[in-house]
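Structure first, commentary second.
Model, not experiment: these values are computed from the prediction. Computed from heavy atoms alone, side chains included, the values below leave out hydrogens, waters and symmetry copies. Residue numbers count from 1 along this sequence.
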Amino acid sequence: MNKNVKPLRIAGVGYCVPDTVITNDDLTKLYDTSDEWIFTRTGIKERRIVSGNENAVDLGLKAAQNALGKSNIKVEDIDCVIAASSAPPQLYPSLACQIQAGLDIPNHIPAFDMTAACSGLIYALQVARGFIGSGLYKNILLVAADNNSRLVDWEDRGTSILFGDGAGAMVVTEAEDGIDDILSLDIKSDGKIGQYIYMNLPGKNCPLVEPCDEVDAKIHMAGRDVYKFVVTTLPDFIDECVKNSGLTAEEIDYLIPHQANQRIIEAMQSRLKYSDEKVISNIKYYGNTSAASIPIALVEGVQKGKIKLGSTALLCGFGAGMTWGGAVLRLREGIC
Ligand code: UT7
């Protein structure tokens, strides 16, 4: 690494999911489906969704508080908030600004959202790495939070079975000991296949001009195309992430993949030749929580004793855009 680039330490990670559980059996009240169909195709049994006025900001705030608590970094020392959100409650004010307000961060620091859908946390980590590496900011709060359940079409059984709501957060800081927790990190996109997953914003043309076609503001997904794209692209990509880390796949302790489909997770597992113990999957209980899925899997994995800290992990995400990203990270003791 260039000696002028400052190394990054992951100081704390947290998550929050809503209390309300919707099972596959519950979904049979909405459309013709079955627990067996959903579980076999996706590995999902249930998901958590927001209820009443609860939203992604509430979840993001709790995740951020958890991550800050682990980091020992004070709220007033945070000098940038980046939120990765593709299904926020409002387009603006940004989710990051609402987190800044909710945490009562006293300083006028920058706070902004970035949209990279389910790859969002890895994208945000790359941006934070650039900021910390250059010395521009020192302590950055990353929040990945979505309330997908408000934006899916609950009449579309091909899409609404997959998503759940949740939030993850990560506090990153300059590593004073000189040890960089990012062993490799890369982000990619292919906008030419953007229509595989899209969500319009509602709106009409000015009444003085020709009207535009009416759009619906729901999540649309060509599931089979996404599936094919991911299983043909991701295995080679993760090979590259491993190679760039300077470690071998065997030397990396865990795979913490985006939780989108158990069969996609297994495709990555098989490329890495990992035993089940090295692969963190909790999709069964949360479905696809977009950018939050990786931090939720990480923290819950530690809490359940599946992940031992003082280890390394390969993180890999993909989503609308299409975007994808991967990172090999050092997971220090005490981060969650
Ligand atoms: O982070 C975002 C990333 N997104 C993903 O990773 C999604 C990746 N894709 C997938 O996970 C899968 O494509 C799905 C699980 C979404 C769908 O599985 P599939 O095997 O690709 O099913 P399909 O969409 O090709 O549909 C097969 C059949 C269809 O019936 P016909 O036309 O063959 O009669 C669907 O109408 O299954 C039917 N179907 C269902 N049946 C029962 C679709 N959804 C359901 C359902 N229950 N929920």
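A salt bridge is absent between D177 and R9; no separation between the charged side-chain nitrogens and carboxylate oxygens falls under 4.0 Å.
Side-chain contact between L234 and C316: present, with at least one pair of heavy atoms (C-beta onward) separated by less than 4.5 Å. No side-chain heavy atom of F112 sits under 4.5 Å from any side-chain heavy atom of V81. Two residues are said to be in side-chain contact when any heavy atoms from C-beta on lie closer than 4.5 Å; I179 and R332 meet this criterion.
Using modelled atom types and a 3.5 Å distance limit, the side chains of E277 and S275 yield a donor-acceptor pair. Residues N24 and R47 bring a donor and an acceptor atom of their side chains to less than 3.5 Å of each other. Side-chain N/O atoms of Q262 and T42 include no donor and acceptor closer than 3.5 Å. With 3.5 Å as the limit, one finds a donor-acceptor pair spanning the side chains of S119 and T323. Counted by atom type alone, T248 and E251 present one or more donor-acceptor pairs between their side chains at under 3.5 Å. No side-chain N or O of D25 forms a donor-acceptor pair with one of T28 less than 3.5 Å apart.
The minimum heavy-atom distance linking D165 with P18 is given by the pair O-CD, 3.4 Å.
Judged by the 6.0 Å and 45° rule, K278 forms no cation-pi pair with Y254. Geometrically, K304 engages Y285 in a cation-pi contact, judged by NZ or CZ lying under 6.0 Å from the ring centre and within 45° of the ring axis. Under a cutoff of 6.0 Å and an axis angle of 45°, R263 and Y227 form a cation-pi pair.
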Derivation and outcome, salt bridge (charged side-chain N to carboxylate O under 4.0 Å, His left out), residues D35 and K45 | CA-CA 7 Å; D35 174 53; K45 279 271 178 196; 2.8 Å; yes
Could you please spell out the steps behind the ring pair (Phe, Tyr, Trp, His ring centres under 6.0 Å) verdict for F163 and W154?
-> CA-CA 11 Å; F163 292 97; W154 286 106; 9.4 Å; no
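Applying the ring-ring contact (aromatic ring centres under 6.0 Å, His included) rule to Y198 yields the partners H220; only residues at least two apart in sequence or on another chain are considered.
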